[in-house]
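Note that ligands are numbered from 1 as they come in the structure, with each ligand's atoms numbered from 1 the same way. Predicted, not measured: the structure shown is a model, and the values here were computed from it.
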Amino acid sequence: MKHKVLQFGRLTPSLEQQLGAAFDCRRLADEVDPKAFLAAHGREFTGLATMGFADAALIESLPSLRVISSFGVGVDQIDLQAAARRGIPVGNTPDVLNDCVADLTIGLMIDVARGVGAAERYLRAGSWPRAPFPLQRRISGKRLGIVGLGRIGHAVARRAIAFDMDIRYHNRRPVSDTSMAHEPSLVELARWCDFLVVIVPGGAATRHLIDEAVLHALGPEGFLVNVARGSVVDEAALVRALREQRLGGAALDVFEREPQVPAELIAMDNVVLVPHIGSATVETRAAMAQRVFDNLSAFYETGKVISQATA
Ligand code: A2R
């Protein structure tokens, strides 16, 4: 008998196929009345494959649930406490996306400082024959502050070293195996650096970590790059700082109310905006999909997922 797995949200087509072949898999999205379906069939499922979401209500509606496997490294939309209370491990997909998120981070830094997107818009608008594009800012040799020197943060740092950047970081605890300087005060890090890259987990503990005070410290010559979660930055404060030219620029892969992006940000030329594409390459999404599958299979074979998310 195949294990019964509920799928929440759409996964990649090949992963859905793989799950369908190995497990007795049902997609909640296919049900006309998902609530009624869960009430009638919820107790049949021992596994949950999810696109990153599992709140307490969903977990409670699956009384026989033994394992959750989530697509992505961030688990801020999963109620880890509710899962832990029932001894349910939550699998996620760390490490396999480090390189792609870090590559994009460097791309965003270059774009916001050098104005790659803005210069392209300038050329396409036919403005070049009238005047050269205005001078921008360099990134080589500048100061980089990393908020969250974890798996992805380290990958960003390795790349930034190749740009001769001077790097410091802010975590709650200093990292033991690095020569990079730990800055216990986030505001001081923002004051010191030219570029502030944010790559901490989302959730209540980091909500609006990047607030008015941090943006003020970063200042009119400073650039903010957020590749973490939209919730980590106080978006209203960011819009105000940019509007009043109290911040040099921002490059954002994530937003507070995705897929909504404030119209004011869209109108600004010193802001780079991309639609949450940090891990969005064919290669990395395939590796993430494989991990979602492997976490489930490993659990059913050994009682343990390969990569377990912790709070
Ligand atoms: O604070 P520590 O010592 O636990 O270091 C972690 C840091 N961090 C924080 N730093 C400052 N204030 C906080 N409240 C805070 N909370 C966590 O963020 C650690 O160095 C880093 C996270 O690293 P990892 O757990 O290795 O996560 P990874 O794989 O780099 O991904 C980061 C996030 C995901 O959760 C997604 O939301 C996004 O990137 O894609």
Side-chain angles (χ1 to χ4, degrees), residues 50-54 68 70-80 90-108 144-160 167-190 192-193 196-211 213-214 217-218 224-235 251-256 258 274-281 284-285 287-288 291-292 295 305-311:
T50 173
M51 200 58 201
F53 177 87
I68 297 174
S70 182
F71 197 110
V73 62
V75 284
D76 46 305
Q77 299 295 313
I78 295 182
D79 194 327
L80 293 180
V90 176
N92 65 344
T93 68
D95 291 317
V96 294
L97 42 62
N98 295 351
D99 285 337
C100 276
V101 179
D103 291 351
L104 183 78
T105 306
I106 299 296
L108 290 175
L144 170 63
I146 298 178
V147 186
L149 189 69
R151 290 171 292 237
I152 302 171
H154 273 101
V156 172
R158 282 197 299 276
R159 286 156 176 75
I167 308 169
R168 294 183 187 177
Y169 71 97
H170 170 77
N171 280 13
R172 289 166 300 180
R173 287 170 296 277
V175 175
S176 51
D177 55 350
T178 180
S179 56
M180 285 178 271
H182 176 245
E183 174 50 76
S185 159
L186 175 52
V187 167
E188 282 313 314
L189 182 71
W192 170 82
C193 72
L196 192 68
V197 164
V198 186
I199 187 61
V200 289
T206 56
R207 186 171 182 275
H208 289 187
L209 191 65
I210 308 301
D211 59 8
V214 174
L218 193 52
L224 177 74
V225 180
N226 185 12
V227 284
R229 285 288 185 260
S231 59
V232 182
V233 174
D234 181 343
E235 206 164 82
L252 309 170
D253 182 39
V254 287
F255 303 87
E256 278 201 278
E258 293 173 10
V274 289
H276 203 148
I277 56 169
S279 66
T281 62
T284 287
R285 287 288 167 88
M288 292 165 71
R291 182 62 60 86
V292 171
N295 275 335
V305 294
I306 293 169
S307 37
Q308 183 166 349
T310 47

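- Taking every heavy atom of His170 and a limit of under 4.0 angstrom, the matching atoms of ligand 1 come to 10 (N), 11 (C).
- Closest to atom 33 (C) of ligand 1 among all protein heavy atoms lies Val200 O, 3.7 Å.
- For ligand 1 and Val73, the ligand atoms under 4.0 Å from any heavy atom of the residue are 29 (O), 34 (C), 36 (C), 40 (O).
- Close contacts between ligand 1 and Gly148 involve ligand atoms 7 (C), 18 (O), 20 (O), 21 (C) [criterion: under 4.0 Å to a heavy atom].
- Of the possible polar contacts, one joining the Asn171 side chain to the Leu149 backbone as a donor-acceptor pair under 3.5 Å is found.
- In this pair, His182 and Tyr169 present their aromatic rings tilted. The plane angle is within the 30 to 60° band.
- The backbone N or O of Asn92 sits less than 3.5 Å from a side-chain atom of Asn295, completing a donor-acceptor pair.
- Put simply, the residue from Val156, Val254, Leu108 that forms a side-chain contact (heavy atoms from CB on, under 4.5 Å) with Val227 is Leu108.
- The protein heavy atom nearest to atom 31 (O) of ligand 1 is Ile152 CD1, 3.5 Å.
- For atom 23 (O) of ligand 1, the choice among Gly202, Ala205, Pro174, Gly150 with the nearest heavy atom turns out to be Gly150.
- Annotation: atom 24 (P) of ligand 1 to nearest protein heavy atom, Arg151 NH2, 3.8 Å.
- Looking only at heavy atoms of the protein, atom 22 (C) of ligand 1 is closest to Pro201 CD, 3.7 Å.
- The nearest protein atom to atom 3 (O) of ligand 1, hydrogens excluded, is given as Arg173 N, 3.2 Å; this is a heavy-atom distance.
- Annotation: atom 17 (C) of ligand 1 to nearest protein heavy atom, Arg172 NH2, 3.4 Å.
- Side-chain contact, His276 with Glu258: a donor N or O sits under 3.5 Å from an acceptor N or O.
- Considering backbone and side-chain atoms together, Leu209 places no N or O closer than 3.5 Å to any N or O of ligand 1.
- Protein heavy atom nearest atom 32 (C) of ligand 1, with residue, atom name and distance: Ile199 O, 3.6 Å.
- For atom 38 (C) of ligand 1, the choice among Ala228, Gly74, Pro94, Ala204 with the nearest heavy atom turns out to be Ala228.
- Looking at Ile146, Val175, Asn98 one by one, the single match for side-chain contact (heavy atoms from CB on, under 4.5 Å) with His154 turns out to be Val175.
- Protein heavy atom in closest approach to atom 5 (O) of ligand 1: Asn171 ND2, 3.2 Å.
- When atom types are taken as modelled, the side chain of Thr206 and the backbone of Pro201 share a donor-acceptor pair closer than 3.5 angstrom.
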